[in-house]
Every structure is written in structure tokens, then in C-alpha cells.
J.: 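There's a structure below that I have some questions on.
Naming convention: chains lettered A, B, ... in sequence-line order (proteins, then strands); numbering from 1 in each chain.
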Amino acid sequence: MTNPVPYRGGGFRPKRIRGVGLGVFISLLLIAEWGTRAGWIGNLTLPLPSDVVLTLIELATSGLLWTHLSLSLGRLFVGAFLGAGAGVLIGIAIGLSSYTRSGLVPLVAALFPIPKIALLPLFVIWFGIDETSKYALIAFGTFTPTVVATYGAVDNVDRTLVQMGQSFGLSRLSIIRKIVLPGAMPGILSGLRISLAIAIILLTAAEMIGAEYGIGAYILQAGALYDLERLFAGVTILSILGVTLSFVLGRIEARVLRWRV
Amino acid sequence: MDLRIDALTHCYGATEVLSNINLEIPTGRITCVVGPSGCGKSTLLRFIGGLERPTSGQVLQLGAPPSDSLNPFTFVFQDFALLPWRTVADNVSLVLEDHKLAKDARARIIADVLARTKLSDFANALPKNLSGGMKQRVAIARALAVRPAVWLMDEPLSALDAQTRELLMDDLVSLWLRTPFTAVYVTHNLAEATRLGHRIVVLSRRPGAVRRVIDIDVPLEARKAGDPTLAGIEQELWHLMRDEAQAADQELVHD
């Protein structure tokens, strides 16, 4: 009896298939559209997706979208830049110096689990109701995950490379700048992904207090009036914002980490 | 510049890893250090290169290193230690950037060392695209760039396959023949030691101590595979090390 050896390998290696993700989105939207039109989804449960799109177009043509978006993006970038920047610096210090590590790791561990949204009223008292308290909240929220990701990444930098630097007489600054920092970059960037998602969450929360414009304020107003179309339009904007940022970060990763095997 | 290792002893906690090492490392020759695994031969190299401090004893430089040497004690590592995010040329450039060199002087050095290691065509390649042998040649080029007074080679060929190892040994021999350099070459491969070493230092197992120093008079260019003198020396080395290698193999690792 002659049989081929049965094949037992393969699998366990998910690949990306183009278009499937988009397909899931579109089919969910179509189901919602169909359900709300047919009536088996009540109009207090979900707005018509097409109405949400119309609301978005209206928002865009009236120019209000840009007011909201530019203010929100400004807050997001200033806050995330401050928080992530400080986080990377402190993270590197923790990664490289025994004193900062011993002194700051417990502090960071204590700050990390605090839901930053709970501190918003405090920040309003400290920094005032205007922009500064929003920057502070976003910065604080992005700071802790960035610190943790950065010092973890610095810990994972190949020590033989550091030693190579020392053996060639490189200065401490050169070793940090040319060996430690690029070596930690993969970890820092994946930490940044988490930080940016947190930043969007906090942005929305911050704009719900004391902001006239901004996506968060827009959603809050819509919610208060139970205007589901506008509420969902706001949520859609946030979601698109998140996907865009993650896409941009992916592009940056692909370029900066081109050297990875 | 000769080196003298003077009564060097090193302990990790209560275990003595190197015991009263006294050695002369002559200029312009390759000194091979062989020994069973765990005899502290790589540690010894790190003391010579100033990357670690011994418990007692010292490594002395007899005379000053040549003034044109940018980094007198230069390592070549077993795992190459190339920066994966820098190209071949930039990896060489890395060790020159901290020295005050004009831009074109630096470029000249890089071009020169890449030519000497036959890497000119790969100047812009990333390490991930290079074979193991090429990576080690980049590391050798990088070392050449700083004009070492002493080469400290820590099992430089151990991560490579046998054929590549042969090729690189030939490369090292021809580099040495062009300009004789001083090297301390740590290896556990006795064939490498007899092929490249002018002097072979045999270390005993823990605590590492000098068991024998053998000088080989056959000039490097005359050493051919199957040379009876070299084969005899290799046999002798193996007899010296055999029992200890066996003991090392059967040891549990406590780390």
C-alpha cells in the first residue's frame, strides 16, 4: 500500500488579508442601516448610519468640523508631546541610572493605576478651566505608560552593544544617543501607540468640562440633547482619529525600524 | 607596546575564577589563549581591555601605545556587536565619530578599511542582510579603523560555520602579514590557535591558571593544513585539556 505522508504542518501564522477589515465595517453599517430602516432596531437605539454621514457632511460644510477638530488636535498634540516627551526622558533616566531607577520606579508604579480622569477636577483647580488643565490631563495620562514602556525598552537594549561602545571609548552621551536610544526605539514606539490611545480618551474627557469647542464638547452637547446622529458623528470622528494616528505611527515604525530583521 | 599581566587573580564572590596569572604579551605577535569552557579566558580578555576590574593584580602596559592609535585596546566580539540600525560604513563611522577628525579624513579611513576587508561593495548594506562571515569582517574593519595597539579577540570565529572560519582565518593571516599587529586571541578551537598563534597560552579549568605556554616558530605564512609540527602541537594541547574539558562538560551550571 502506497500513501503519501499526511500533512500535519501549517497554521498558527495569521496573515493579513486585504479588505477583510473594511468588509466587516461595511457589513456592520449595512446591517445597522437595514435594521433601522426596517424597524427592528428602534430609532432610540441607533440612528440611521446614513443620517450620521449626512450630519458629518453638514458639519464639514458649515466649517464647524474644522473648529472642533483643530482645537482637539491642538490639545491632543501639545498634551501628548509634553507627556510622551517627559516620559521618554524619565524612562531613559530610569533605564540608565540606579538612583533614578530606585527613586522613581515606585513613584511611577503608584501613579500608573490612578484613573487620570478622576484628577480632572483637581487639574481645573490647579491650572484653571482653560487649555492648560486639558494639556496637563493629557500629558499626565500619556506620561506614565511612556515611562514604563521606555525603561522596559532601555532594559532590553543588547548590553553587548553598550559594551562594544565602551570598548571603543565612546562617550557616555554618544552611547546613549547612538546605541541606547535607537535600540530602545521599537519599545518606545509601541508604548507610544498605547499612550496615544489614552490621549484620545483623555482629550474627550477633558473637553467635556469647560470647553465650548472640541470633539468632546460636541459629543457632550449632542448627548445632553439626546441627538443620536450628532453623538454618533462625534464618536465616528474620534474613531477615525484613532485609526489615522495608529496608521501614521505604523508608517513611522516601518521607516524608523527598517533595520529590524 | 608589550603587555604584562602581573599576578592577576579574580573572584566572583567566594569562587576564584582566575588564579595568579602572570603573562607576557609581546608586540607584533598573536597570543592565543585556550582553555576549557568556564576557565575565565574571556574574563581575562576583559581585564586586558579594561572592561572589568580584577580582584587583585594588574595588567601593565610596557611603554606607551603608538600615538596614531585612536583606541589602543580594541575588541572583536564573538557575536560581532554591530549596530543593526547602521549600515556597514556607518558602523565603522561610529567608532570614529567621537574623535576629532575632518569629515574627509573619516571618509578616507572608512573607505580604506572597507577595501582592506573586501567590503567596499557592501558599504551601504544593513547588518541584517549580511552573512555571519561578512558581519565579522565588518567588525574587523571597524577595529582596523581605530588603529589598535592591541587587538583583543574574543572567540571571533566561534559563531561561524567551518568554511567561513577557514576563509576568515586566511583573511586574518593576510592582514597580519601586511602589517603585523599585536593580538590576544581567545578561543576554544585548537586548530585556530595553532593556525594563528605565535604563542599559545593554555589555561586550566576553574580557577583558571596558566598551565603551559607554547611558542610556535613556524611563520604564519608557512602554516598549512596538515602540517605535522602543527598537528603535533594540536595533539599536545588536546592532551593537556582533555580531562578538564570532560570535567567542564559534566559540570552543572550554577548561575
Side-chain angles (χ1 to χ4, degrees), chain A residues 13 84 88-89 91-92 95-98 146 149-193 248-261, chain B residues 42-43 45-52 65 69-88 90-100 124-130 135-136 138-139 141-156 159:
Chain A
R13 264 170 187 268
V88 168
L89 289 180
I92 287 173
L96 293 176
S97 138
S98 310
T146 311
T150 305
Y151 86 72
V154 172
D155 284 351
N156 277 329
V157 172
D158 189 349
R159 292 296 128 153
T160 59
L161 293 181
V162 173
Q163 214 153 65
M164 180 277 292
Q166 289 175 322
S167 81
F168 277 94
L170 265 60
S171 68
R172 198 175 157 77
L173 186 69
S174 284
I175 292 179
I176 294 174
R177 212 159 54 81
K178 297 171 185 168
I179 299 177
V180 174
L181 208 53
M185 208 38 100
I188 293 176
L189 284 178
S190 65
L192 218 51
R193 247 173 218 283
V248 169
L249 212 57
R251 275 305 163 92
I252 293 175
E253 271 182 349
R255 169 160 295 203
V256 175
L257 306 180
R258 184 169 62 88
W259 50 271
R260 277 209 292 198
V261 187
Chain B
S42 294
T43 315
L45 202 64
R46 298 160 58 77
F47 293 138
I48 301 174
L51 285 182
E52 259 182 80
S69 173
L70 297 177
N71 186 50
F73 296 91
T74 299
F75 278 87
V76 176
F77 298 93
Q78 179 178 356
D79 55 4
F80 324 127
L82 300 179
L83 300 185
W85 49 87
R86 284 189 174 226
T87 62
V88 168
D90 287 346
N91 261 291
V92 178
S93 167
L94 172 81
V95 300
L96 299 170
E97 287 163 9
D98 275 18
H99 296 282
K100 288 200 173 59
N124 295 317
L126 281 173
K128 69 170 176 181
N129 298 324
L130 301 180
K135 283 183 197 162
Q136 196 56 293
V138 178
R142 177 176 65 186
L144 281 169
V146 292
R147 289 189 286 266
V150 181
W151 290 64
L152 303 169
M153 311 183 90
D154 188 2
E155 309 223 13

J.: Measure B:Val146 against the heavy atoms of chain A and call it side chain, backbone, both or neither at under 4.5 Å.
T.: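 Only the side chain of B:Val146 comes within 4.5 Å of chain A.
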J.: Between these two chains, chain A and chain B, I want each donor-acceptor atom pair under 3.5 angstrom written on its own line with its distance.
T.:
{"residue": "A:Gln163", "atom": "OE1", "partner": "B:Arg46", "partner atom": "NH1", "Å": "2.8"}
{"residue": "A:Ser167", "atom": "O", "partner": "B:Asn71", "partner atom": "ND2", "Å": "3.0"}
{"residue": "A:Ser171", "atom": "N", "partner": "B:Asp98", "partner atom": "OD2", "Å": "2.6"}
{"residue": "A:Ser171", "atom": "OG", "partner": "B:Asp98", "partner atom": "OD2", "Å": "3.3"}
{"residue": "A:Ser174", "atom": "OG", "partner": "B:Asp98", "partner atom": "OD1", "Å": "2.6"}
{"residue": "A:Ser174", "atom": "OG", "partner": "B:Asp98", "partner atom": "OD2", "Å": "3.1"}
{"residue": "A:Lys178", "atom": "O", "partner": "B:Trp85", "partner atom": "NE1", "Å": "3.3"}
{"residue": "A:Lys178", "atom": "NZ", "partner": "B:Glu97", "partner atom": "OE1", "Å": "2.8"}
{"residue": "A:Arg258", "atom": "O", "partner": "B:Lys128", "partner atom": "NZ", "Å": "2.8"}
{"residue": "A:Arg260", "atom": "O", "partner": "B:Lys128", "partner atom": "NZ", "Å": "3.3"}

J.: Heavy-atom cut-off 4.5 Å, strictly under: side chain, backbone, both or neither for B:Phe75 against chain A?
T.: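 Both the backbone and the side chain of B:Phe75 come within 4.5 Å of chain A.
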J.: Using the test ring-ring contact (aromatic ring centres under 6.0 Å, His included), find all partners of A:Phe168 that sit at least two apart in sequence or belong to another chain.
T.: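 Result, ring-ring contact (aromatic ring centres under 6.0 Å, His included) vs A:Phe168: none returned.
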J.: Say you draw a straight line from CG of A:Leu170 to CG of B:Leu94; how long is it, rounded to the nearest 0.5 Å?
T.: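 Between A:Leu170 CG and B:Leu94 CG, I get 5.0 Å after rounding to 0.5 Å.
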J.: I'd like to verify something: which residue of B:Ala81, B:Pro127, B:Ala139, B:Pro148 has the highest number of heavy-atom pairs under 4.5 Å with chain A?
T.: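 The residue among B:Ala81, B:Pro127, B:Ala139, B:Pro148 with the greatest pair count is B:Ala81.
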J.: Of the listed residues (B:Leu126, B:Val95, B:Leu82), which shares the most heavy-atom pairs with chain A below a 4.5 Å separation?
T.: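 Heavy-atom pair counts peak at B:Val95.
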J.: Applying side chain to side chain contact (heavy atoms under 4.5 Å, CB included), can you list everything that pairs with A:Leu192, at least two apart in sequence or on another chain?
T.: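 By the side chain to side chain contact (heavy atoms under 4.5 Å, CB included) rule, A:Leu192 matches A:Ala84, A:Leu189, A:Leu249.
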J.: Only counting residues at least two apart or in another chain, list the ones meeting salt bridge (Lys or Arg N to Asp or Glu O under 4.0 Å) with A:Asp155.
T.: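 Counting only residues at least two positions away or on another chain, A:Asp155 forms a salt bridge (Lys or Arg N to Asp or Glu O under 4.0 Å) with A:Arg101.
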